[in-house]
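Start at 1 with the first residue, then count along the sequence.
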Amino acid sequence: MSAFASAPKCPACSKSAYANESVKAIGSTWHISCFSCQTCKKGLGRDAANACDSGGLPYCKACYGKTFGPKGIGFGNTMGDTGVSTEPNKPAPPVPARAPPPPVPARAPAVPVSAARAMFENAPPACVPAPKPSGAKVSRFGGAPKCPACSKSAYANESVNAIGKTWHKTCFACATCGKGMGGDAANACDNEGTPYCKACYGKNFGPKGIGFGNTMGDTGVAR
């Protein structure tokens, strides 16, 4: 008597189907290589759970549906269950006609360059500038005072304020000796709006005598 139990027989080949080479499905033990669809011969050994049974014989789902399932689109004698009949002389279902594409809208006629230029040149201005006031020209800045010596404008960076007026620094000088006093305006002397240095003012308008008036170096010796 053998020490091992005898292996079950494969229904497809009637040979012993050992555990390492067999699969259990639809109530029997099959060789993995023998367990295939009866119609298309597709191997089902690795997909036994999805096999279909008819009279103890295995079928794949597609062939089972074609052979034993209801007839119609996706069932029965169709190619891959797509609805295309494999029976001869059976017309295929009509293909619906495609809708025509929408018409392309007509393009507006191009405007000639000369006409476009005329339209641009004859168009009214966006805004009309206000008329300039008539009369004397007005400066953006305030008018500078006039220098009494040369009657020209004396601006701040070149002028000095002294004896009630604004002078050019180069023009502000003693009326007698011509000594420039632009840098010493505080010590200038005024006589009727005319500047004098202290010495000339004393000689011309001061008291006469020793040390005053028309003397040589204000020493009392007449010139």
Side-chain angles (χ1 to χ4, degrees), residues 1-133 137-142 157:
M1 182 177 180
S2 173
F4 304 98
S6 59
K9 300 299 181 181
C10 172
C13 65
S14 301
K15 294 181 180 180
S16 297
Y18 296 100
N20 61 344
E21 61 178 3
S22 65
V23 60
K24 291 183 178 182
I26 58 175
S28 301
T29 301
W30 308 70
H31 288 115
I32 294 175
S33 58
C34 294
F35 190 67
S36 59
C37 176
Q38 296 299 303
T39 301
C40 66
K41 306 304 180 183
K42 175 185 176 182
L44 304 172
R46 303 298 179 186
D47 193 25
N50 291 321
C52 299
D53 174 22
S54 177
L57 297 177
Y59 291 87
C60 67
K61 285 188 175 183
C63 291
Y64 185 86
K66 294 174 187 176
T67 306
F68 307 104
K71 305 301 180 182
I73 301 298
F75 301 100
N77 294 324
T78 58
M79 185 180 296
D81 293 342
T82 60
V84 180
S85 176
T86 57
E87 297 179 2
N89 301 325
K90 186 175 181 180
V95 179
R98 286 178 134 188
V104 179
R107 300 180 67 180
V111 179
V113 177
S114 58
R117 182 179 299 171
M119 292 170 60
F120 176 77
E121 292 176 351
N122 296 330
C127 61
V128 179
K132 294 183 179 180
K137 184 177 180 181
V138 179
S139 174
R140 291 191 304 163
F141 308 100
N157 61 342

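Listed by chain and residue number, Pro8, Ala17, Ser22, Lys24 satisfy the side-chain contact (heavy atoms from CB on, under 4.5 Å) test with Thr29 (two or more places apart in sequence, or in another chain).
Looking at His31, its side chain never comes within 3.5 Å of a backbone N or O of Pro11 through a donor-acceptor pair. The main-chain N or O of Ala12 is never found under 3.5 Å from a side-chain atom of Trp30 such that the two would form a donor-acceptor pair.
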Hey, can you pull the donor-acceptor pairs under 3.5 Å for the side chains in residues 51-59, sequence neighbours left out?
residue : atom : partner : partner atom : Å
Asp53   : OD1  : Gly56   : N            : 2.8
Asp53   : OD1  : Leu57   : N            : 3.4

Throw together a table of side-chain donor-acceptor distances under 3.5 angstrom for residues 33-40, partners on residues two or more places apart or in other chains.
none

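Note that the SG atom of Cys60 and the NZ atom of Lys66 stand 7.5 Å from one another [nearest 0.5 Å].
Lys9 and Ser14 get closest at one heavy-atom pair: CD-O, 3.7 Å.
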